[in-house]
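Numbers restart at 1 for each chain; the letters A, B, ... are given by sequence-line order, proteins then strands.
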2 protein chains.
Amino acid sequence: MPRDTLTREQIVKAAIDLLDEEGLEGMNMRALGKRLGSAATAVYWHVGSKDNLITLAGDEVWHQIALPDLATIDWRTAATQMATDLHAMLTRHSWLVQAFGSYMIFGPGKARHDDHGYAIYEAAGFTGAQVDQAAATVFTFVLGNALVPAAAASFTRKLGRDGGNAEALMHESMAKAHEIAAQFPRLRARLDTAAEYAAAPDNTFQFGLQAILDGLEAQLSAPSTPSEQNPRRADRHYHEPSATPLTTP
Amino acid sequence: MPRDTLTREQIVKAAIDLLDEEGLEGMNMRALGKRLGSAATAVYWHVGSKDNLITLAGDEVWHQIALPDLATIDWRTAATQMATDLHAMLTRHSWLVQAFGSYMIFGPGKARHDDHGYAIYEAAGFTGAQVDQAAATVFTFVLGNALVPAAAASFTRKLGRDGGNAEALMHESMAKAHEIAAQFPRLRARLDTAAEYAAAPDNTFQFGLQAILDGLEAQLSAPSTPSEQNPRRADRHYHEPSATPLTTP
DNA sequence: GTCCCACTTGAACACAGTGCAAGTCGCGAA
DNA sequence: TTCGCGACTTGCACTGTGTTCAAGTGGGAC
């Protein structure tokens with residue numbers, strides 16, 4: 001019988017739990033060690049570094065996403081399902097979105113997800129580079145959608161760690177935001193209806209997702225050279241980004 | 001004549017420069033102090049904390065985005081222009097995307113941008129909550145789009161800081177990714193055409209943006225109850241996210 | 001029994017954010 | 001002209017965090 005020893009899987013799982021509870025900046029090796037009932041430095045023997053551990057944890061969670069069977073459902077339902085699952089997963093593990101900005105997360109879990117994503121857009125009828133572009137469009141939308149809630153969660157936790165009265169700090173922060181928003185007509189108008197918005201269920205994600213799938217569907221039925229991008233619309237609206245960096249005095 | 005002293009604007013500008021060069025994790029107060037020719041702690045008198053400084057810097061850069069005149073151009077061109085400008089800005093300041101996941105960035109700069117964004121989608125004909133949803137869809141897409149390049153930049157810098165031979169480490173990392181990708185049919189197929197892809201200009205962003213605007217345009221012409229969301233399509237494809245968290249043994 | 005090796009541990013180092021007390025400098029008042 | 005005040009600056013030091021390293025430690029193979 002081997003000694004009761006740490007395993008890599010066990011560590012990754014504990015890291016995910018800790019990240020869920022404390023966020024990316026709240027997770028540290030000593031806390032992880034305590035959670036595992038061992039010295040913080042014992043972890044290093046198994047995963048090498050904190051960066052690597054986060055990369056490992058950041059790949060593991062992709063396995064939570066179900067891969068819809070393209071033989072039994074149409075591509076659009078499949079795309080909706082995968083995007084919705086991804087959205088839910090990113091909501092559960094909001095640290096992942098933050099990690100995505102700092103680490104190159106690509107392992108078996110994400111590869112499995114990406115591969116099936118490509119399958120969906122191939123099934124839809126896209127060809128060549130358009131498969132990648134369609135998949136990337138939906139993927140980046142879901143990712144971006146999770147970014148602001150992630151910031152909110154991170155911010156709330158930070159307030160909680162600082163003083164005991166997170167309530168007051170949050171209120172102060174909200175008040176400052178309101179003050180700024182009040183100086184812009186359309187933002188001001190939204191302040192008045194903010195309560196109404198808060199009461200309604202937030203279907204912004206589904207609205208955006210379905211609009212994007214509408215757009216992709218339109219692209220499919222539009223006559224275009226196969227196996228090559230259709231640059232017509234993009235050209236019609238092409239715009240060279242205004243180069244307005246800060247002036248250095 | 002007042003003593004040659006630090007100003008908040010000067011500090012924010014220096015912070016932006018430092019963030020551009022060193023990234024979010026490379027930026028620290030002592031380096032900032034050195035760049036400003038003063039002690040690191042002098043900065044604290046002006047901005048209070050590092051978090052606050054990053055919030056300040058993260059708002060300042062939004063002023064680089066031009067606000068198209070809706071009286072002279074159609075909404076779709078305006079939307080394209082603003083999204084493209086934002087994309088370029090986020091590419092210039094890739095740390096901002098990372099900061100967006102950890103800080104609540106909302107100041108005059110972002111408010112100015114958001115306000116004009118709403119104006120565009122109001123001009124397009126959206127009403128009620130749909131204005132917000134349309135704006136959020138495009139916004140989150142652009143944000144998500146900037147996330148992966150931000151990670152790549154961050155990763156590259158990290159390699160550069162670690163050993164001297166960033167080249168070898170990068171190569172090793174790429175090789176590992178290839179090895180994983182090779183186990184999935186569609187990813188494997190893309191490995192073969194990777195060189196071809198790299199040669200072509202990356203118009204993924206414009207493809208996605210135009211597809212999204214197509215979808216929004218379709219939403220406009222679709223018959224729906226005004227001043228209320230149109231839940232029909234979303235309902236037809238509605239999918240309760242699969243709850244498949246990690247099983248705790 | 002004993003040797004080995006996978007694994008663990010505690011001390012220690014470097015570096016980053018930041019509070020604090022002690023300056024320093026220019027300007028307005030006396 | 002001098003005084004002092006208040007706006008800034010500085011160096012020190014404390015804490016928390018990632019990580020290294022040399023020294024264990026315990027179970028299994030021989």
Side-chain angles (χ1 to χ4, degrees), chain A residues 1-12 14-15 18-19 21-58 95 98-99 102-103 154-155 157-164 169, chain B residues 1-12 14-15 18-19 21-58 95 98-99 102-103 154-155 157-164 169:
Chain A
M1 189 79 79
R3 176 164 43 150
D4 195 34
T5 188
L6 252 38
T7 66
R8 198 181 170 106
E9 292 73 36
Q10 187 190 153
I11 290 172
V12 170
L18 188 54
L19 284 162
E21 291 169 25
E22 307 292 344
L24 192 55
E25 47 274 310
M27 134 86 163
N28 65 71
M29 300 306 269
R30 298 188 222 260
L32 181 62
K34 189 161 289 178
R35 176 174 288 247
L36 287 164
S38 68
T41 52
V43 175
Y44 281 84
W45 195 90
H46 296 274
V47 300
S49 70
K50 183 185 183 182
D51 279 7
N52 192 43
L53 174 56
I54 290 189
T55 303
L56 254 27
W95 50 271
Q98 301 172 255
S102 305
Y103 304 89
S154 179
F155 183 69
R157 268 191 302 262
K158 183 166 353 200
L159 289 188
R161 267 195 300 273
D162 280 2
L169 288 173
Chain B
M1 188 80 78
R3 173 163 47 147
D4 194 33
T5 186
L6 251 38
T7 67
R8 186 183 255 241
E9 291 75 35
Q10 186 190 155
I11 290 173
V12 170
L18 188 54
L19 284 162
E21 291 169 26
E22 307 291 344
L24 192 55
E25 48 274 311
M27 133 87 165
N28 66 71
M29 300 305 270
R30 298 189 222 258
L32 182 61
K34 190 162 290 178
R35 176 175 289 246
L36 286 163
S38 68
T41 51
V43 174
Y44 281 85
W45 196 90
H46 296 272
V47 300
S49 70
K50 183 184 181 183
D51 279 6
N52 191 229
L53 174 56
I54 290 189
T55 303
L56 254 28
W95 50 270
Q98 300 172 254
S102 307
Y103 304 88
S154 180
F155 184 69
R157 266 190 303 262
K158 184 165 354 199
L159 290 188
R161 267 195 301 274
D162 279 2
L169 288 174

To the nearest Å, give me how far apart [atom1] ([X]) and [atom2] ([N]) are.
X: Asn52(A); N: dG18(D); atom1: CG; atom2: P; value: 15 Å
X: Leu53(A); N: dG18(D); atom1: CG; atom2: C1'; value: 12 Å
X: Leu36(B); N: dC8(D); atom1: CG; atom2: C1'; value: 14 Å
X: Asp4(B); N: dT24(C); atom1: CG; atom2: P; value: 18 Å
X: His46(A); N: dT8(C); atom1: NE2; atom2: P; value: 4 Å
X: Glu25(B); N: dT17(D); atom1: CD; atom2: P; value: 18 Å
X: Glu22(A); N: dG16(D); atom1: CD; atom2: C1'; value: 15 Å
X: Lys34(A); N: dG18(D); atom1: NZ; atom2: P; value: 14 Å

What distance do [X] atom [atom1] and [Y] atom [atom2] have between them, rounded to the nearest 0.5 Å?
X: Gln98(A); Y: Gln98(B); atom1: CD; atom2: CD; answer: 10.5 Å
X: Glu22(A); Y: Asn28(A); atom1: CD; atom2: CG; answer: 9.0 Å
X: Tyr44(A); Y: Lys50(A); atom1: OH; atom2: NZ; answer: 8.0 Å

Please compare Val43(A) and Met27(B) by the position of their nearest nucleotide in DNA chain C and report the one closer to 5'.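 Looking at DNA chain C, the more 5' nearest nucleotide goes with Val43(A).
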Heavy-atom check, side chain of Arg8(A) versus side chain of Leu56(A), under 4.5 Å: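 With C-beta onward as the side chain, the pair touches.
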Side chains of Ser154(B) and Leu24(B), heavy atoms from C-beta outward: is any pair under 4.5 Å?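 Side chain of Ser154(B) against side chain of Leu24(B), heavy atoms only: no contact under 4.5 Å found.
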Output yes when at least one side-chain N/O atom of Thr5(B) is less than 4.0 Å from OP1 or OP2 of dT9(D), else no.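 The answer is yes; a side-chain N or O of Thr5(B) sits under 4.0 Å from OP1 or OP2.
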How would you list, by chain and number, every residue that makes a salt bridge (charged side-chain N to carboxylate O under 4.0 Å, His left out) with Arg35(A), sequence neighbours excluded?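 So Arg35(A) forms a salt bridge (charged side-chain N to carboxylate O under 4.0 Å, His left out) with Glu21(A).
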Have a look at His46(A) and tell me which of Asn52(A), Val12(A), Ile11(A) forms a side chain to side chain contact (heavy atoms under 4.5 Å, CB included) with it.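 That would be Ile11(A); it is the only one of Asn52(A), Val12(A), Ile11(A) passing the side chain to side chain contact (heavy atoms under 4.5 Å, CB included) with His46(A).
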Counting heavy atoms from C-beta on, name the nucleotide in dT18(C), dT9(C), dT20(D) closest to the side chain of Met29(B).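 Out of dT18(C), dT9(C), dT20(D), the nucleotide with an atom closest to Met29(B)'s side chain is dT18(C).
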Given dT10(D), dG17(C), dT17(D), the nucleotide with the shortest approach to the side chain of Asn28(A):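 My answer, after comparing the listed nucleotides, is dT17(D).
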Write out a two-atom table: protein N or O, nucleotide N or O from nucleotides 10-14 of chain C, distance below 3.5 Å.
residue	atom	partner	partner atom	Å
dG10(C)	O6	Thr41(A)	OG1	3.1

